[in-house]
Amino acid sequence: MGKEITKRETDYSQWYNDIILKAGLADYSAVRGCMVIKPYGFALWENMRDQLDKMFKETGHQNAYFPLFIPKSFLSKEAAHVEGFAKECAVVTHYRLMNDPDGGGIVVDPDAKLEEELIVRPTSETIIWNTYKTWIQSYRDLPILVNQWANVVRWEMRTRLFLRTTEFLWQEGHTAHATSQEAIDETKLILDVYATFAEEWMSLPVVKGVKSISERFAGAVDTYCIEALMQDGKALQSGTSHYLGQNFAKAFDVQFTDKENKLDYVWASSWGVSTRLIGALVMAHSDDDGLVLPPKIAPIQVVIVPIYKGDEQKKMIDEKVKMFMEDFKALGVKVKYDDNDNNRPGWKFAEYELKGVPVRIAIGARDIQNNVVEVARRDTKEKTSVSIDGLANTVAVLLNDIQQNIYTKAKNFRDEHIAKADTWDEFEKLLDSKGGFISAHWDGTAETEEKIKELTKATIRCIPLNNLQEEGKCILTGKPSKERVLFARAY
RNA sequence: CGGGGCGUAGCGUAGCCCGGUUAUCGCGCCACAUUUGGGAUGUGGAGGUCGCAAGUUCGAAUCUUGCCGCCCCGACCA
């Protein structure tokens with residue numbers, strides 16, 4: 001036997017790591033907390049990135065690129081912002097190395113100390129708003145709808161592959177607007193883009209909501225988020241969109257002249273999703289045999305495995321495959337014909353299951369005689385015999401079906417794991433028995449939120465958008481509340 | 001930064017308590033042959049600063065001290 005994966009029920013964390021390492025998504029690196037994204041993992045990220053990029057452009061955004069380094073003084077201009085990020089910044093202090101005069105190898109040249117230290121961006125609001133100041137004078141310069149694809153660094157104490165690494169890849173959108181309403185609309189528009197992407201492309205059902213004060217982005221007026229549920233019952237924040245008000249405009253003195261010739265500060269939003277989404281994908285859909293990928297973002301959608309004895313049969317299969325490969329390509333299906341003779345069919349079956357390839361086609365001499373192939377779907381493990389006539393079309397339909405089925409499965413799981421709790425006792429029992437989201441009343445104070453976190457490790461994931469308004473009593477303090485919020489233990 | 005675990009070939013490991021031939025086994029790798037419908041088999045072969053450093057000793061993977069690294073759990077966070 002080849003690669004063994006730890007069972008989910010044995011050790012969920014280990015299962016997660018096994019999948020990522022053994023499916024070839026990523027590796028640990030020589031740098032603590034940083035990972036290597038391997039070609040298969042990066043192909044997955046590219047598919048996600050390309051689709052998001054398309055959606056951003058369809059909603060009027062353009063890409064740009066801002067520096068990796070941020071002058072230290074910039075970070076401290078917005079009070080809440082610096083407070084939020086100061087603890088986890090990598091700092092560049094010198095710009096040159098030298099040979100150790102004492103023979104100790106290469107050392108930092110003490111003479112090459114930077115006048116002003118540079119921060120490796122943990123996020124780019126500051127450098128961007130410093131730049132926007134030079135771009136904006138009039139309402140005619142607005143809105144600015146810019147996104148950048150970049151890496152950022154946050155010096156986390158504890159890291160996990162994809163979910164939290166010291167360096168990660170993401171996109172960050174930074175928009176500037178003439179009115180508050182426009183900035184709020186933008187914030188919500190992007191939240192919808194994220195939710196649509198998660199649900200339709202990643203087959204990942206999400207709850208849209210607003211963060212409580214203590215969970216919101218440092219420097220934001222409001223943070224909107226999409227929250228997803230993982231198979232172990234823990235929640236994962238999968239994307240955030242912030243309404244920044246005039247906080248950064250004020251910090252960087254970005255004013256514009258409006259139609260009435262009055263001077264005002266610019267209104268802003270910022271929003272991002274990261275490679276963390278890959279972690280979400282793994283934990284939402286995969287099983288004890290490996291990854292399960294939604295067809296729409298799978299690097300390989302269909303793999304074809306030939307089964308043959310001798311060159312003659314192989315040649316016959318090659319010819320047949322060549323014919324229907326063209327049909328697949330015409331339909332835009334990403335198909336791979338694995339006729340590598342180093343591995344036997346059984347090995348390939350297991351390998352592509354591990355890698356989460358949605359559909360596998362096996363074809364042998366016997367099949368060709370009957371004008372069929374064996375089609376196996378990754379999500380349900382079902383195998384059926386399918387006619388070679390119209391095969392590409394049949395499989396294209398199947399791919400859609402798989403996309404839908406994965407979503408439905410995740411959605412059912414999520415729906416079964418949203419429960420109401422009306423007493424503290426119920427709340428604790430639900431958390432410890434099945435986890436998931438717990439809908440409960442909360443008195444609206446940060447102190448209560450903190451206390452609940454201390455007692456149970458559960459945090460408020462969000463206040464759902466369009467939340468039902470209903471009178472109730474706080475689960476902990478019994479104080480009056482006008483709506484339920486979603487609690488969960490989270491990553 | 002606290003608690004736990006680990007470091008021996010590309011990967012996973014035995015040996016360590018109780019120091020003593022050529023460091024064990026499996027997977028993987030290379031060659032050849034037979035194979036190919038669920039992780040093939042045989043034969044032959046290559047591959048090791050036993051995490052690093054110092055010490056004890058005639059002799060250290062094994063004992064002592066120090067250091068480094070990684071993983072898991074927690075606090076912090078996307």
Side-chain angles (χ1 to χ4, degrees), chain A residues 1-6 11-18 21-22 27-35 83-89 122-123 152-172 194 211 214-218 223 225-228 235-242 270-280 289-290 305-311 313-314 317 338-354 360-368 370 372-374 376 381 383 385 453-454 457 459 461 489-491:
Chain A
M1 290 294 278
K3 304 170 181 175
E4 289 290 345
I5 292 178
T6 305
D11 184 343
Y12 192 82
S13 299
Q14 196 53 50
W15 166 79
Y16 174 79
N17 289 336
D18 282 355
L21 297 172
K22 291 176 180 173
D27 261 339
Y28 291 111
S29 75
V31 185
R32 186 217 303 262
C34 294
M35 64 177 183
E83 169 127 11
F85 286 106
K87 299 187 294 284
E88 52 186 25
C89 287
T123 179
V152 287
V153 166
R154 296 182 187 173
W155 215 267
E156 302 288 353
M157 294 180 190
R158 183 154 132 60
T159 57
R160 299 200 63 188
L161 293 169
F162 287 113
L163 295 178
R164 180 170 298 106
T165 44
T166 300
E167 178 190 12
F168 59 95
L169 305 183
W170 77 344
Q171 57 70 216
E172 46 180 328
Y194 286 162
K211 286 292 188 190
S214 52
E215 294 278 327
R216 96 184 153 204
F217 175 73
T223 288
C225 62
I226 52 171
E227 291 284 328
L236 182 75
Q237 178 175 306
S238 306
T240 48
S241 182
H242 316 290
S270 72
W271 28 273
V273 294
S274 70
T275 37
R276 172 178 253 204
L277 284 176
I278 294 176
D289 296 319
V305 177
I307 295 158
Y308 54 90
K309 294 178 192 176
D311 289 347
Q313 286 193 1
K314 173 68 169 35
I317 294 166
D338 185 356
D339 66 343
N340 185 337
D341 196 40
N342 295 334
N343 297 309
R344 298 165 79 259
W347 188 90
K348 291 177 186 175
F349 292 175
E351 181 67 11
Y352 290 107
E353 273 164 18
L354 182 55
R360 178 188 74 230
I361 293 174
I363 176 166
R366 214 162 64 204
D367 297 309
I368 290 179
N370 299 325
V372 294
V373 293
E374 181 195 79
K381 298 283 185 63
K383 289 190 266 195
S385 192
K453 186 180 175 184
E454 260 173 47
K457 288 174 191 147
T459 50
R461 299 323 301 155
R489 293 197 178 121
Y491 278 99

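Below, chains carry the letters A, B, ... as their sequence lines are ordered, and counting in each starts from 1.
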**Q** What distance, rounded to whole Å, do you find between the two P atoms, one in B/G10 and one in B/G51?
**A**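 Looking at atom P only, B/G10 and B/G51 are 13 Å apart.
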**Q** Is a donor-acceptor pair below 3.5 Å formed from side chain A/K383 to base B/G38, judging by atom type as modelled?
**A**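 Result: at least one qualifying N/O pair found.
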**Q** Can you give the dot-bracket line for RNA chain B, where a pair is Watson-Crick or G-U wobble with both atom distances under 3.5 Å, crossing pairs use [ ], and | marks a partner on another strand?
**A** (((((((..(((.......[....))).((((((.....)))))).....(((((..]....))))))))))))....
**Q** Considering only atom P, compute the distance from B/C6 to B/U13 and round it to an integer number of Å.
**A**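 Straight-line distance between the two P atoms is 11 Å.
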**Q** Among B/G37, B/A78, B/U36, which nucleotide has an atom closest to any side-chain atom of A/K309?
**A**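 My answer, after comparing the listed nucleotides, is B/U36.
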**Q** Output the single nucleotide from B/G38, B/G39, B/A78 whose closest atom is nearest the side chain of A/F349.
**A**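 Minimum distance to the A/F349 side chain belongs to B/G38.
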**Q** Among the nucleotides B/G39, B/G37, B/A78, which one has an atom lying closest to any side-chain atom of A/I307?
**A**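 Side chain of A/I307 sits closest to B/G37.
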**Q** The side chain of A/K453 is closest to which nucleotide in this list: B/G39, B/C76, B/U36?
**A**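 Among the listed nucleotides, the one closest to the side chain of A/K453 is B/C76.
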**Q** Expressed as a whole number of Å, how far does the P atom of B/C68 sit from that of B/U57?
**A**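 Rounded to whole Å, the distance is 27 Å.
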**Q** Taking side chain to side chain donor-acceptor pair (under 3.5 Å) as the definition, give me every residue that meets it alongside A/D311, ordered by chain and number, with sequence neighbours left out.
**A**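 Result, side chain to side chain donor-acceptor pair (under 3.5 Å) vs A/D311: none returned.
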**Q** Got a sec, which residues hit salt bridge (Lys or Arg N to Asp or Glu O under 4.0 Å) with A/E227, two or more places apart in sequence or on another chain?
**A**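 For A/E227 the salt bridge (Lys or Arg N to Asp or Glu O under 4.0 Å) partners, ignoring immediate neighbours, are A/K211, A/R461.
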**Q** For nucleotides 69-73 of chain B, list the nitrogen or oxygen atoms of the protein found under 3.5 Å from its nitrogen or oxygen atoms, one pair per line.
**A**
unit_1: B/C70; atom_1: OP1; unit_2: A/R32; atom_2: N; d: 3.3
unit_1: B/C70; atom_1: OP2; unit_2: A/R32; atom_2: NH1; d: 3.4
unit_1: B/C72; atom_1: OP1; unit_2: A/N17; atom_2: ND2; d: 2.8
unit_1: B/C73; atom_1: OP1; unit_2: A/S13; atom_2: OG; d: 2.5
unit_1: B/C73; atom_1: OP2; unit_2: A/R158; atom_2: NH1; d: 3.0
unit_1: B/C73; atom_1: OP2; unit_2: A/R158; atom_2: NH2; d: 2.2

**Q** Determine, for nucleotides 6-12 of chain B in 5'-to-3' order, which nucleotides have protein heavy atoms under 4.0 Å from the base (write B), from only the sugar-phosphate (write S), or from neither (write -).
**A** -------
**Q** Choosing from B/A78, B/G39, B/G37, which nucleotide comes nearest the side chain of A/P345?
**A**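 Looking only at heavy atoms from C-beta outward on A/P345, the closest nucleotide is B/G37.
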**Q** So, using side chain to side chain donor-acceptor pair (under 3.5 Å) as the criterion, who are the partners of A/T159 when residues are at least two apart?
**A**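 By the side chain to side chain donor-acceptor pair (under 3.5 Å) rule, A/T159 matches no residue at all.
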**Q** Got a sec, which residues hit side chain to side chain donor-acceptor pair (under 3.5 Å) with A/Y28, two or more places apart in sequence or on another chain?
**A**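 Partners of A/Y28 under the side chain to side chain donor-acceptor pair (under 3.5 Å) test: none.
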**Q** With sequence neighbours excluded, tell me which residues meet ring-ring contact (aromatic ring centres under 6.0 Å, His included) with A/F168.
**A**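 So A/F168 forms a ring-ring contact (aromatic ring centres under 6.0 Å, His included) with A/W170.
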**Q** Taking the minimum atom-to-atom distance to the side chain of A/Y308, which one of B/A78, B/U36, B/G38 wins?
**A**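 Selected nucleotide (nearest to the side chain): B/U36.
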**Q** With rounding to the closest Å, how many angstrom separate the P atoms on B/U34 and B/C25?
**A**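 Pairwise P distance, B/U34 against B/C25, rounds to 29 Å.
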**Q** So which heavy atom on A/R160 is nearest to which on A/T165, and how close?
**A**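 That would be O-CG2, 3.7 Å.
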**Q** Please enumerate all residues that pass salt bridge (Lys or Arg N to Asp or Glu O under 4.0 Å) together with A/E353, with sequence neighbours excluded.
**A**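 A/E353: salt bridge (Lys or Arg N to Asp or Glu O under 4.0 Å) contacts with A/R360.
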**Q** Using the P atom in both, what is the distance from B/A61 to B/G55, to the nearest Å?
**A**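 Here B/A61 and B/G55 have their P atoms 15 Å from each other.
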**Q** A/Y12: what forms a ring-ring contact (aromatic ring centres under 6.0 Å, His included) with it, not counting sequence neighbours?
**A**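 By the ring-ring contact (aromatic ring centres under 6.0 Å, His included) rule, A/Y12 matches A/W15.
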**Q** Tell me, please, which residues at least two apart from A/T223 pass side chain to side chain donor-acceptor pair (under 3.5 Å).
**A**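 Per chain and number, A/T223 pairs via side chain to side chain donor-acceptor pair (under 3.5 Å) with A/H242.
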**Q** Tell me which nucleotide among B/A78, B/G37, B/G38 gets nearest to the side chain of A/R366.
**A**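 Within the option list, the nearest is B/G37.
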**Q** Who are the ring-ring contact (aromatic ring centres under 6.0 Å, His included) partners of A/Y194, not counting sequence neighbours?
**A**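 For A/Y194, no residue satisfies ring-ring contact (aromatic ring centres under 6.0 Å, His included) once neighbours in sequence are set aside.
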**Q** When the nearest nucleotide of RNA chain B is assigned to A/R344 and to A/K87 on a heavy-atom basis, which residue is associated with the more 5' position?
**A**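 Its nearest nucleotide being more 5', the pick is A/R344.
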